[in-house]
Amino acid sequence: MKKVLTSIILTISLTALIGYSNIGKSTADNRPAHTVTMAKAEAAASQAAPDFNFTDLATGTTMKLSDLRGKPVYLNLWATWCPPCVRELPHIQAKYEQYKDRIHFLAISIDNEQEAPLSFLKSKGYSFPAGFGNPREISSLYRVEAIPVSYIIDANGIIKAKKLGSMDAATLESFLKNAE
């Protein structure tokens with residue numbers, strides 16, 4: 001128990017220290033540091049979406065992201081232990097029901113094991129497509145710095161938009177317009 005608490009305190013301290021050390025710093029072109037983060041997010045758009053394997057949690061079938069080509073994809077990376085991720089899931093369910101004929105929805109869990117998201121989604125009655133892949137591989141391919149993070153990928157596999165952070169219904173609705 002002491003080791004767990006020590007790890008948590010150390011993580012929080014390092015996060016605070018890193019965040020504090022970046023406050024007020026500017027880039028070479030004199031933009032605030034938070035602008036660089038936004039620029040990185042914008043740079044991810046218009047690049048080919050990295051392909052990866054995942055297990056469809058509803059069927060147990062192994063699939064690839066590229067199997068979904070042909071219509072736009074809303075890709076969400078989340079985890080059961082992430083409160084902002086869990087808060088946006090009802091909005092994803094509602095938009096899935098509204099747009100499932102026009103947009104592929106895929107929520108990929110980056111939990112450490114497949115059972116956690118499978119049982120969580122079943123317990124909540126969510127029906128949107130969800131998968132489980134190699135968390136390290138997917139996080140590396142998509143350069144995940146924090147979750148939740150969502151992407152719009154066009155029918156040809158090109159990333160059109162990226163949104164870091166939890167979305168409410170209105171924000172998700174606006175984000176999905178990038179799929180048109």
Side-chain angles (χ1 to χ4, degrees), residues 38 41-42 44-180:
M38 291 304 295
E42 291 165 5
S46 299
Q47 295 179 357
D51 205 9
F52 59 87
N53 293 325
F54 65 93
T55 301
D56 181 309
L57 291 176
T59 65
T61 305
T62 300
M63 299 180 67
K64 287 183 165 204
L65 178 63
S66 59
D67 293 341
L68 303 179
R69 292 221 175 117
K71 69 181 180 181
V73 175
Y74 166 75
L75 172 64
N76 178 265
L77 303 179
W78 72 288
T80 58
W81 46 262
C82 166
C85 300
V86 171
R87 271 195 307 272
E88 80 176 348
L89 293 178
H91 307 302
I92 293 172
Q93 178 65 39
K95 295 305 172 188
Y96 166 69
E97 292 170 9
Q98 183 179 355
Y99 292 109
K100 64 184 172 186
D101 294 334
R102 295 183 294 190
I103 301 171
H104 287 295
F105 279 69
L106 180 59
I108 294 290
S109 168
I110 60 168
D111 281 279
N112 288 328
E113 80 280 338
Q114 185 173 326
E115 187 54 40
L118 179 61
S119 62
F120 178 84
L121 294 170
K122 279 184 181 179
S123 74
K124 300 293 184 183
Y126 294 130
S127 63
F128 54 80
F132 178 81
N134 180 322
R136 284 188 177 156
E137 175 191 11
I138 294 168
S139 295
S140 175
L141 286 170
Y142 281 82
R143 297 183 181 134
V144 175
E145 296 174 13
I147 55 171
V149 60
S150 298
Y151 300 85
I152 296 293
I153 302 167
D154 74 10
N156 298 312
I158 304 299
I159 296 173
K160 292 297 182 183
K162 175 183 176 182
K163 170 76 170 99
L164 180 61
S166 183
M167 291 186 264
D168 60 19
T171 306
L172 181 54
E173 176 71 30
S174 177
F175 184 69
L176 290 172
K177 290 186 187 310
N178 291 296
E180 297 174 342

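Separation of atoms CZ (Arg102) and CD (Glu180) is listed at 7.0 Å; rounding is to 0.5 Å. Interatomic distance, CG of Leu65 versus CG of Leu141, reported as 10.0 Å (0.5 Å rounding). Separating the CD atom in Gln93 from the CD atom in Gln98 is a distance of 12.0 Å, to the nearest 0.5 Å. Summarising the geometry, atom OG1 belonging to Thr171 is positioned 6.5 Å from atom NZ belonging to Lys163; distances are rounded to the nearest 0.5 Å. Rounding to the nearest 0.5 Å gives a distance of 13.5 Å between OG of Ser127 and NZ of Lys122.
Counting heavy atoms of neighbouring residues, nucleotides and ligands inside a 6.0 Å radius, atom NZ of Lys71 exceeds 12 of them.
Counting heavy atoms from C-beta outward, Val86 and Lys124 have side chains that stay 4.5 Å or more apart. Counting heavy atoms from C-beta on, the side chains of Phe52 and Asn134 never come closer than 4.5 Å. Leu172 places a side-chain heavy atom less than 4.5 Å from the side chain of Ile92. Using a 4.5 Å cut-off on side-chain heavy atoms (C-beta onward), Phe120 and Leu89 make contact. Side-chain contact check for Ile153 versus Leu75: some heavy-atom pair is nearer than 4.5 Å. Between Pro50 and Ile159, the closest side-chain pair of non-hydrogen atoms falls below 4.5 Å. Tyr126 has its side chain within reach of Pro90: a pair of non-hydrogen atoms, C-beta onward, lies under 4.5 Å apart. Side chains of Ser166 and Cys85 form no contact here, defined as non-hydrogen atoms less than 4.5 Å apart.
The closest donor-acceptor contact from the side chain of Glu88 to the backbone of Met167 lies under 3.5 Å. No donor-acceptor distance shorter than 3.5 angstrom exists from the side chain of Ser140 to the backbone of Arg136, with no hydrogens or angles considered. Using modelled atom types, one side-chain atom of Ser119 and one backbone atom of Glu115 make a donor-acceptor pair closer than 3.5 Å. With hydrogens and angles disregarded, no donor-acceptor distance shorter than 3.5 Å links the side chain of Thr55 to the backbone of Leu57. No donor-acceptor pair closer than 3.5 Å links the side chain of Asp111 to the backbone N or O of Glu113. At distances below 3.5 Å, at least one donor-acceptor pair connects side-chain atoms of His104 with backbone N or O atoms of Leu68. Checking side-chain atoms of Asp154 against main-chain N and O of Pro72 turns up no donor-acceptor pair under 3.5 Å.
Using a 3.5 Å distance cut-off with no hydrogens or angles, the side chains of Asn76 and Ser150 do pair a donor with an acceptor. The closest side-chain donor-acceptor pair between Tyr142 and Glu137, if any, does not fall under 3.5 angstrom.
Between Tyr74 and Tyr151, the gap from one ring centroid to the other reaches at least 6.0 Å. Aromatic rings of Phe105 and Phe128 (six-membered ring for Trp) have centroids beyond the 6.0 Å cut-off, not under it.
When every heavy atom of Lys162 is checked against every heavy atom of Val149, the shortest pair comes out as CE-CG2, 3.7 Å. For Ala161 against Phe175, the heavy-atom pair with the smallest separation is CB-CE1, 3.7 Å. Considering every non-hydrogen atom in both Leu121 and Ala130, the closest pair reads CD1-CB, 3.3 Å. Nearest approach of Leu164 to Ala146, heavy atoms of both residues: CD1-O, 3.3 Å. Across all their heavy atoms, Ser139 and Ile110 have their closest contact at OG-CD1, 4.1 Å. Shortest non-hydrogen contact noted between Phe54 and Gly131 is CD1-CA, 4.0 Å.
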TODO: Apply the test side-chain contact (heavy atoms from CB on, under 4.5 Å) to residues Met63 and Asn53: give CA-CA distance (whole Å), side-chain angles for both, the deciding distance (0.1 Å), then the verdict.
DONE: CA-CA 6 Å; Met63 299 180 67; Asn53 293 325; over 6 Å; no
When you look at Ile152 and Val73, which way does the side-chain contact (heavy atoms from CB on, under 4.5 Å) test go after all the steps?
-> CA-CA 6 Å; Ile152 296 293; Val73 175; over 6 Å; no
